[in-house]
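Count residues from 1 along the sequence. The figures that follow rest on heavy atoms only: side chains count, while hydrogens, waters and symmetry mates do not. Keep in mind it's a predicted model, so treat the numbers as computed, not measured.
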Amino acid sequence: MPLLKSWVETANDPDGDFPLNNLPYGVFSVGGDDPRCCVAIGDKVLDLAALEAAGLIGVQGEPVFDHPFLNEFMELGAEIWAQTRSKLQDMLADGADPKAITPALHAQSDVEMHMPFIVVEYTDFYAGRHHATNVGTMFRGAENALPPNWLHIPIGYNGRASTVVVSGTPIRRPLGQLKPPDADAPHFGPCKRLDIELEMGAVVGTGNRMGEPVTVQEADDMIFGYVILNDWSARDIQAWEYQPLGPFQAKVFASSISPWVVTKAALEPFRCSTPEREKTLLPYLQEPGPMLYDIDLEVKMQATGSDTTTTLSRTNYNQMYYSAAQQLCHHAIGGCEMSVGDLLGSGTISGPEKDERGSLLEISWGGKEPFTLDSGETRSFIEDGDTLTLSGRASGDGYNIGFGTCVGTILPAIEKENW
Ligand code: MN
């Protein structure tokens with residue numbers, strides 16, 4: 001599919017993230033007014049609540065866009081998603097009359113972006129083979145790198161929806177129990193091995209009922225779209241707490257998402273297959289078609305006090321061993337109810353090469369191989385004041401489907417006396 005030309009000139013920039021082909025959804029406010037739903041087009045946001053109030057878009061019944069979240073729109077289902085997308089594309093297409101639409105456009109530089117949807121529950125997976133192999137090698141040795149279930153099950157754990165935040169939100173360094181390998185007992189204090197995890201998040205748009213499992217195809221149909229996700233991690237807290245029930249405090253202090261939810265419709269031309277299976281999956285987990293996406297991903301780091309940004313890693317979502325549809329199917333297969341606004345983290349996305357790793361734990365190999373930033377500082381993990389920026393885009397024929405950025409700066413831990 002070529003670039004769809006728009007009368008919004010900046011949407012036709014071949015290097016831009018937000019052409020008419022994309023139209024990702026978000027929630028914005030301008031000048032401190034009430035947050036409401038929008039789409040991105042070029043360097044603008046389009047106020048969907050205003051279009052709905054003017055009767056230019058919408059379905060019969062209550063307005064769905066005049067809310068600080070997308071959940072009510074997502075809940076309407078795939079047919080309405082498709083109709084709305086098609087209507088917006090017609091209105092914004094080159095040759096359409098801009099007159100009624102122009103008042104609802106705002107410069108992206110003038111608006112504040114908010115959480116795009118209410119995260120009802122958050123589940124994080126561990127479905128990147130290179131990441132799981134690297135981490136498993138560090139934690140348990142090369143012989144036991146992949147647990148025996150890994151090639152059969154998309155492994156996951158239930159995270160916390162309460163601490164999923166939008167890009168730009170500062171992240172407080174967590175406190176917790178730490179036990180260095182040579183210590184006899186743990187001590188309490190600020191995390192010293194603070195890390196990122198480069199992930200994609202799948203946003204569930206329609207749910208299933210408790211006790212009613214879904215197929216992989218049905219799971220794919222339930223997904224509304226995708227975000228960039230930084231699953232911040234406290235590696236020292238994790239190493240001490242994780243057996244036998246998996247991560248707990250190490251993962252619940254923050255997860256950041258991009259402000260834009262890129263729809264499955266926009267990503268359709270970039271579908272690709274998961275890698276070849278080493279072990280045949282049980283039939284319920286087999287994909288009826290390509291359900292992964294070719295999305296280039298990047299991690300950048302800026303040290304505290306520096307104005308130089310260093311690219312640490314470049315990889316691709318197509319490196320995952322399991323797709324979000326497989327993960328969602330597996331999640332629901334035992335009878336678990338999945339809801340509108342459920343967020344599924346893909347698991348850290350690393351490629352096979354050193355400069356394709358999606359966490360600092362892997363890049364610095366557990367802190368044994370510190371790396372040097374372009375500004376001269378060395379790092380193994382994140383220091384207070386450092387800024388991490390994750391981004392992603394799928395590149396088509398003369399256009400990109402961009403996700404924008406997922407940014408976070410680390411604040412020092414809160415310390416109190418007698419801790
Ligand atoms: Mn994770």
Side-chain angles (χ1 to χ4, degrees), residues 122-159 174 176-181 191-201 229-256 274-275 278-279 297 299 301 312-322 324 326-327 330 344-371 379-382 388 390:
Y122 168 45
T123 306
D124 191 38
F125 285 87
Y126 186 57
R129 184 163 188 174
H130 303 292
H131 171 73
T133 303
N134 287 338
V135 173
T137 301
M138 277 181 257
F139 279 43
R140 291 179 295 274
E143 297 295 294
N144 303 307
L146 282 187
N149 54 1
W150 202 93
L151 293 167
H152 301 276
I153 287 180
I155 298 175
Y157 65 93
N158 290 297
Q177 284 202 20
L178 314 167
K179 196 189 88 62
C191 161
K192 292 191 177 66
R193 290 159 74 93
L194 184 56
D195 200 356
I196 56 157
E197 288 192 338
L198 168 64
E199 303 194 21
M200 297 292 299
L229 170 71
N230 184 352
D231 185 37
W232 302 94
S233 299
R235 299 302 178 192
D236 37 9
I237 297 173
Q238 185 177 359
W240 169 232
E241 74 175 2
Y242 88 105
Q243 286 178 321
L245 289 185
F248 186 46
Q249 299 293 342
K251 299 282 192 169
V252 297
F253 59 95
S255 307
S256 303
T274 46
E278 185 175 319
K279 307 250 191 216
L297 302 167
V299 178
M301 186 170 194
L312 293 183
S313 177
R314 286 198 180 93
T315 183
N316 193 296
Y317 184 46
N318 64 16
Q319 295 289 339
M320 300 311 292
Y321 195 77
Y322 296 99
Q326 287 174 310
Q327 292 171 332
H330 182 69
L344 270 55
S346 59
T348 309
I349 306 166
S350 292
E353 305 301 328
K354 196 170 177 180
D355 57 2
E356 297 174 346
R357 294 173 179 170
S359 68
L360 304 189
L361 177 74
E362 295 166 84
I363 294 171
S364 71
W365 205 253
K368 293 197 179 94
E369 299 170 17
F371 53 90
R379 288 286 186 275
S380 291
F381 293 95
I382 308 171
L388 277 296
L390 278 46

- [ ] Mind listing the closest non-hydrogen atom pair of Leu194 and Pro174 along with its distance?
- [x] CD1-CD, 4.0 Å
Task: Spacing of Leu229 atom CG and Leu390 atom CG [to the nearest 0.5 Å] - done: 8.5 Å
TODO: State, to 0.1 Å, how close Ile155 and Pro147 come at their nearest heavy-atom pair, and which atoms those are.
DONE: CD1-CG, 4.4 Å
Open item on the list: Please determine whether side chain to side chain contact (heavy atoms under 4.5 Å, CB included) holds for the pair Leu360 and Phe371, giving the CA-CA distance in whole Å, both sets of side-chain angles, and the decisive distance to 0.1 Å.
Closed with: CA-CA 9 Å; Leu360 304 189; Phe371 53 90; 4.0 Å; yes
- [ ] With rounding to the nearest 0.5 Å, note down the distance linking SG in Cys191 to CZ in Phe253.
- [x] 6.5 Å
Open item on the list: Checking the side chain of Gln319 only, and the main-chain atoms of Asn316 only, is there a donor and an acceptor separated by less than 3.5 Å?
Closed with: no
Task: Atom CZ of Phe248: over 12 foreign heavy atoms under 6.0 Å - done: no
Open item on the list: According to side-chain hydrogen bond (donor to acceptor under 3.5 Å, both in side chains), who are the partners of Glu143, at least two apart in sequence or on a separate chain?
Closed with: none
Open item on the list: What's the separation between atom CD in Glu278 and atom CG in Leu151, rounded to the nearest 0.5 Å?
Closed with: 5.0 Å
- [ ] Start with the C-alpha gap between Glu369 and Lys354, add the side-chain angles, then the distance that decides, and say whether salt bridge (charged side-chain N to carboxylate O under 4.0 Å, His left out) holds.
- [x] CA-CA 11 Å; Glu369 299 170 17; Lys354 196 170 177 180; 2.9 Å; yes
TODO: Give the minimum heavy-atom separation between Ser255 and Tyr122, together with the two atoms involved.
DONE: OG-CE2, 3.4 Å
Open item on the list: Go through it in stages, so that I can follow the logic: the residues are Met138 and Leu361, the test is side chain to side chain contact (heavy atoms under 4.5 Å, CB included), and I'd like the CA-CA distance, side-chain angles, deciding distance and then a yes or no.
Closed with: CA-CA 9 Å; Met138 277 181 257; Leu361 177 74; 4.1 Å; yes
TODO: Describe, in one word, how the ring planes of Trp150 and Tyr321 are oriented to each other, choosing from parallel (under 30°), tilted (30 to 60°) and perpendicular (over 60°).
DONE: tilted
Open item on the list: Using modelled atom types and a 3.5 Å cut-off, is there a donor and acceptor pairing between side-chain atoms of Ser364 and backbone atoms of Pro370?
Closed with: no
Open item on the list: Taking the ring of His131 and the ring of Tyr126, is the distance between their centroids below 6.0 Å?
Closed with: yes
Open item on the list: Return the OH to NE2 distance between Tyr322 and His330, rounded to the nearest 0.5 Å.
Closed with: 8.5 Å
Task: Atom pair CD1/CG of Ile196 and Leu388 - distance to nearest 0.5 Å - done: 5.0 Å
- [ ] Using a cut-off of 6.0 Å, state whether more than 12 heavy atoms not belonging to Arg140 lie near its atom CZ.
- [x] yes
Open item on the list: For Met200 and Ile349: C-alpha separation, side-chain torsions, deciding distance, then whether side chain to side chain contact (heavy atoms under 4.5 Å, CB included) applies.
Closed with: CA-CA 8 Å; Met200 297 292 299; Ile349 306 166; 3.8 Å; yes
- [ ] Drop me the distance from Ile363's CD1 to Met301's CE, to the nearest 0.5 angstrom.
- [x] 9.0 Å
Task: Short side-chain to backbone donor-acceptor contact, Gln327 and Ser346, under 3.5 Å - done: yes
Open item on the list: Can you confirm whether the side chains of Ser256 and Trp232 place a donor and an acceptor under 3.5 Å from each other?
Closed with: yes
Task: Heavy-atom side-chain contact between Thr348 and Phe125 under 4.5 Å - done: no
Task: Short side-chain to backbone donor-acceptor contact, Glu199 and Gly347, under 3.5 Å - done: yes
Task: Residue pair Glu362, Ser350: steps toward the side chain to side chain donor-acceptor pair (under 3.5 Å) verdict - done: CA-CA 9 Å; Glu362 295 166 84; Ser350 292; 2.9 Å; yes
Open item on the list: I want to check something: taking the side chain as every heavy atom from C-beta on, are Leu178 and Lys192 in contact at a cut-off of under 4.5 Å?
Closed with: yes
Open item on the list: Please list all pairs meeting salt bridge (charged side-chain N to carboxylate O under 4.0 Å, His left out) that have one or both residues in residues 231-251, counting only residues at least two apart or in different chains.
Closed with: Asp195-Arg235, Glu197-Arg235, Glu197-Lys251, Asp231-Lys251
Task: Tyr157 side chain reached by Thr123 side chain, heavy atoms, under 4.5 Å - done: no
